[in-house]
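Hydrogens, waters and symmetry mates play no part in the numbers below; they use all other heavy atoms, side chains included. As the structure lists them, so they are numbered: ligands from 1, and atoms in each ligand from 1. All values reported here derive from a predicted model rather than from experimental measurement.
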Amino acid sequence: MLQCLRQTVLRSNTLKNFIYKNEKLNRNIVDIYRFICTEKKQQCNFNLINSKSNNSINNNSSSGSNLSYSGLKSYYSTHVNSEDKKVTILDLKKKYQEGKPLTMVTAYDYCSGKEVDRAGIDMILVGDSLGMVMLGEKSTTSVTMDQVIHHSKAVIKGNKRAFVVGDMPFGSFEASPRDAVQNAIRLVKETQVDAIKLEGGKKHQDKIKAIVEAGIPVMGHIGLTPQSVSSFGGFKLQGKTAEEANKILEDALALQEAGCFAIVIEMVPHAVATSLTRMLKIPTIGIGAGNGTSGQVLVYHDMLGMYSDFLPKFVKQYANISKHIQEALSNFKQEVTSRSFPDSLHSFSMKENELNEYLTPLDNQKKIEKQQLLYENSEILKNTSKKSTVSTSIQEPNTTQSVSKPLDDNNTKLNNNIIENVKKQMNSKVLEDKKKKPKVVVIGAGAMGSFFSAKLAQNNLADLWMVSGWKEHVDHINKKGLILHNIGGETQEIRSIKATLDSLDVIKDGSYPDLALVLVKSNSTKQAALTAAKMISGNPNAVVLTLQNGIGNRESLESCIQEKGYKNVVWQGVTSNGAQVVSPGHVKHTGHGLTYLASPNLKLGVNSEMLQPKSKEEHQALEALSEILNQAGILTQLSYDVDSLVWGKVVVNAAINPLSAVLGVPNGYLVQNEYSKQMMKKIIVEGMDVCKAKGIRLPYGEDSEEGFKYVAQIAERTKANYSSMLQDVIRGQQTEIDSINGVIVEEGEKLDIPVQYNKMIMEMVLSCHKKNDHISLATCNK
Ligand SMILES: Nc1nc(=O)c2c([nH]1)NC[C@@H]1CN(c3ccc(C(=O)N[C@@H](CCC(=O)O)C(=O)O)cc3)CN21
Ligand SMILES: CC(C)C(=O)C(=O)O
């Protein structure tokens, strides 16, 4: 039989291929893996193998997984998958027959089960690896039926759709078919798993047959069977010799004959797994078995970077969650220690009269305490409505779609040295050598410029300069400091900032800034670019960062800097913090929000391991800057999709800002009034259509209802705020309309997409640019 199969393989001329490929694999397996991963999006038939197998990886990412964040709502909802129909054994069979790769990931509890399910993975394995990753054992042999059942129950509760396989632990089936059937039935009955898996080949054929006859689907497991670790002498590669490979092949055929619906093949050479996959009529699920199996499985904690005892060579870490956990925990520790957590947003208030009544009897003894408590209570009360802002603002950008596409070298115009130096500077100056703070110049001292300056200077993180044309503000900052009114109500007086009307003051001592942060209104970008160019002219390592609203600012800065002959990088970000300059020298933080940083050179690369060296260095520099901002208390994350970020914000701004400006109303009004709500919707639909036509993936997806919900939430969250555009109109200043609705109109017209609502509102705002004499802030405040 075996001989016959081997002949067939030989005839089909693939053995030569395997041998050739095996050598290649030996030579440079890392490169090949990289190839597999990076080409995943393309029609990848694993060209190196030139496989005709219908099980080769193709480009069908049909898992239906949409890991991009579409708001916390979807995170908390139990269902986000479009395909939320339960996966059955027939679906698996069909996928296999169509040559589509099957995906399986382990899960051991409610949350991990929910995550794997949400991601659209076909199968969840409640593996006995739980003994190691959940319980800290050194092997899986001690795992009991009770433990597998305990964990499977939790996974089943988190899962809606995936096909769940429960693992039969060591000792639960080996002795006799009777034991095997009893335990398999118990596992299914007590947990509702869809199938069971058991380790071992030919010798367990009788048990498998008996379980299958009892009506329970069985997944086999051959190659490295960890329950037999002791007889293997460690978790080692199996099937290395022709003899061993033959044995594995025999086992596979025996399992198929016994009625298994699929077989896990663990830690065997690629060629062995691929060849037996082709000989079988049932799918193989590989782990450390190369790319020729019908599917792949990995351990959840391994692939997410949450298990640190060992990392088998076959594991690719798609994330480093452990790092995030450590960061979060140490932030918590720091905030509790410094008493900055919980703040008013995370505390509860009571009605003032009740508090008064409660405190009055105590009043005589502790008058001061009473006043203090009343004040604190009122601050919490004020912020209660904003609570959702903060807790919903920690969302992952679209980074989990880990295509890990290495960046095209030509894509990065960056000089290696520059990046290296930026990295060194950022790291050494800020993170290690606290004495040598980076010099930061903030260009533009409006609400955002002042807020960022205050935050960066407050913890003495930077030697901070502000360049602004507003004399009273500059004078106040220099004479009495910049006063930051925090959300919690407390004020800080920041004395260390140097403000100037003349940017040359910043560099007159011969030292040039390391970072020029541009935060002027879009219509002043050209002028700010000239200033930025001057500021960096003596420092080839300096970085320019814009966090402005609207489209085109980064490009405009970059072209000005390049025209002047400088090669400095220009990064871009968006921020959803709210701030307002309440009077010269006084800036008020009005809303928490995330800040995202991105470089146009860093696209799609998520796993920094996969980035080209140049990009990797830029990535590290960007991370260093993000860290500085986080240290400054500005919650910051990196993003890998600049367009998604800036267009995502432009559509929001396009709907809120001009309407509030023209109507003279605070943001909240827009969602309370039926007419303005409808106008917002129309503006959003047009904006989203333009993005769709441009191939931009918006952070809130492409459904306009979702888009509207997203914008409406922002308007609601910032309901008391007067948009910056309204403030501009009232002050008789130019607004940013051109780089917001203006770009939607421009791009829409280019692409033949209707944009008449954006055009209309834009023209209305443009007519306000002149006609503002009759409006005053007082009128507006009524
Ligand atoms: N977290 C986790 N991940 C797993 O993949 C896994 C478990 N646990 N527990 C059950 C088994 C054990 N597995 C393992 C464990 C260790 C190696 C390992 O360290 N392999 C080395 C080679 C060791 C050798 O050849 O001596 C490697 O570099 O891959 C491999 C598979 C796979 N399974
Ligand atoms: C590694 C996988 C296949 C497994 O058997 C387990 O998680 O127990």
field: Rounded distance (nearest 0.5 Å) linking atom CG of Asp309 with atom NZ of Lys138
entry: 5.0 Å
- prompt: So which protein heavy atom does atom 8 (N) of ligand 1 come closest to, and at what separation?
  reply: Phe310 CZ, 3.7 Å
- request: For ligand 1, note which part of Phe235 has a heavy atom under 4.0 Å away: side chain, backbone, both or neither.
  value: both
task: Could you walk me through whether Glu250 and Lys202 pass salt bridge (charged side-chain N to carboxylate O under 4.0 Å, His left out), step by step?
output: CA-CA 7 Å; Glu250 268 177 45; Lys202 216 166 161 181; 3.0 Å; yes
- line: Counting from 1 in the order shown, the ligand 2 atoms closer than 4.0 Å to a non-hydrogen atom of Thr106 are 7 (O)
message: Out of all atoms in ligand 1, which are within 4.0 Å of some heavy atom of Tyr307? Include the element for each.
response: 1 (N)
- prompt: Is any N or O atom of Glu266, backbone or side chain, closer than 3.5 Å to an N or O atom of ligand 2?
  reply: no
- prompt: Closest heavy-atom contact between Thr141 and Phe170?
  reply: O-CD2, 3.7 Å
- line: Heavy-atom closest pair (Lys85 atom, Arg161 atom, distance to 0.1 Å) is O-CG, 3.1 Å
query: Is any side-chain N of the basic residue among Lys160 and Asp117 closer than 4.0 Å to the acidic one's carboxylate O?
result: no
field: CZ/Phe332: more than 12 non-hydrogen atoms of other groups inside 6.0 Å
entry: no
query: Is the shortest heavy-atom distance from the side chain of Pro226 to the side chain of Met132 under 4.5 Å?
result: no
message: Can you tell me which portion of Pro312 lies within the under-4.0 Å heavy-atom range of ligand 1? Options are side chain, backbone, both, or neither.
response: both
statement: Of all protein heavy atoms, the one nearest atom 1 (N) of ligand 1 is Asp302 OD1, 2.9 Å
- request: For ligand 1, find out whether one of its N or O atoms is nearer than 3.5 Å to an N or O atom of Thr140.
  value: no
- prompt: So do the side chains of Thr144 and Pro169 get within less than 4.5 Å of each other, counting heavy atoms only?
  reply: no
query: Nearest 0.5 Å, what's the CD-CD1 distance between Gln238 and Ile265?
result: 13.0 Å
field: Protein heavy atom at shortest distance from atom 33 (N) of ligand 1
entry: Glu266 OE2, 3.6 Å
Test: Lys94 cationic atom under 6.0 Å from Tyr96 six-membered ring centre, within 45° of axis: no
field: Contact partition for Asp167 relative to ligand 2, non-hydrogen atoms under 4.0 Å
entry: side chain
- prompt: Are Tyr640 and His619 an aromatic pair by the rule of ring centers under 6.0 Å?
  reply: yes
field: ligand 1 contacted by His301 (non-hydrogen, < 4.0 Å)
entry: no
Minimum-distance protein heavy atom relative to atom 7 (C) of ligand 1: Ser129 CB, 3.8 Å
query: Can you tell me the protein heavy atom closest to atom 11 (C) of ligand 1 and the distance?
result: Pro226 CG, 3.5 Å
- request: Find the distance between OG1 (Thr225) and CZ (Phe232) and round it off to the nearest 0.5 Å.
  value: 3.5 Å
- request: Compute the minimum heavy-atom distance from His221 to ligand 2 and say whether it is under 4.0 Å.
  value: yes
task: Among all protein heavy atoms, pick the one closest to atom 9 (N) of ligand 1 and tell me residue, atom and distance.
output: Met132 SD, 3.1 Å
message: Could you tell me if the side chain of Val105 sits less than 4.5 Å from the side chain of Met303, heavy atoms only?
response: yes
- line: The atoms of ligand 1 lying under 4.0 Å from a heavy atom of Val133, numbered in the order shown, are 1 (N)
message: Give the atom numbers and elements of ligand 2 that come within less than 4.0 Å of a heavy atom of Gly127.
response: 6 (C), 7 (O), 8 (O)
message: Please compare Ser129, Pro226, Pro312, Gly288 and report which has the shortest non-hydrogen distance to atom 7 (O) of ligand 2.
response: Ser129
- request: Identify which of Met267, Lys138, Lys236, Met306 has a heavy atom lying nearest to atom 21 (C) of ligand 1.
  value: Met267
task: Could you pull out, from Leu125, Asp302, Val143, Leu298, the option with a heavy atom nearest to atom 4 (C) of ligand 2?
output: Leu125
task: Indicate the atoms forming the closest heavy-atom contact of Val188 with Val193, along with that distance.
output: CG1-O, 3.9 Å
message: Is Lys197 close enough to touch ligand 2? Criterion: a residue heavy atom under 4.0 Å from a ligand atom.
response: yes
task: Under 4.0 Å, heavy atoms only, figure out whether ligand 1 is touched by the backbone of Lys313, its side chain, both or neither.
output: both
task: Just need the protein heavy atom nearest to atom 6 (C) of ligand 1, so name the residue and atom and give the distance.
output: Val299 CG2, 4.2 Å
- prompt: Relative to ligand 2, is Ile287 under 4.0 angstrom through side chain, backbone, both or neither, heavy atoms considered?
  reply: side chain
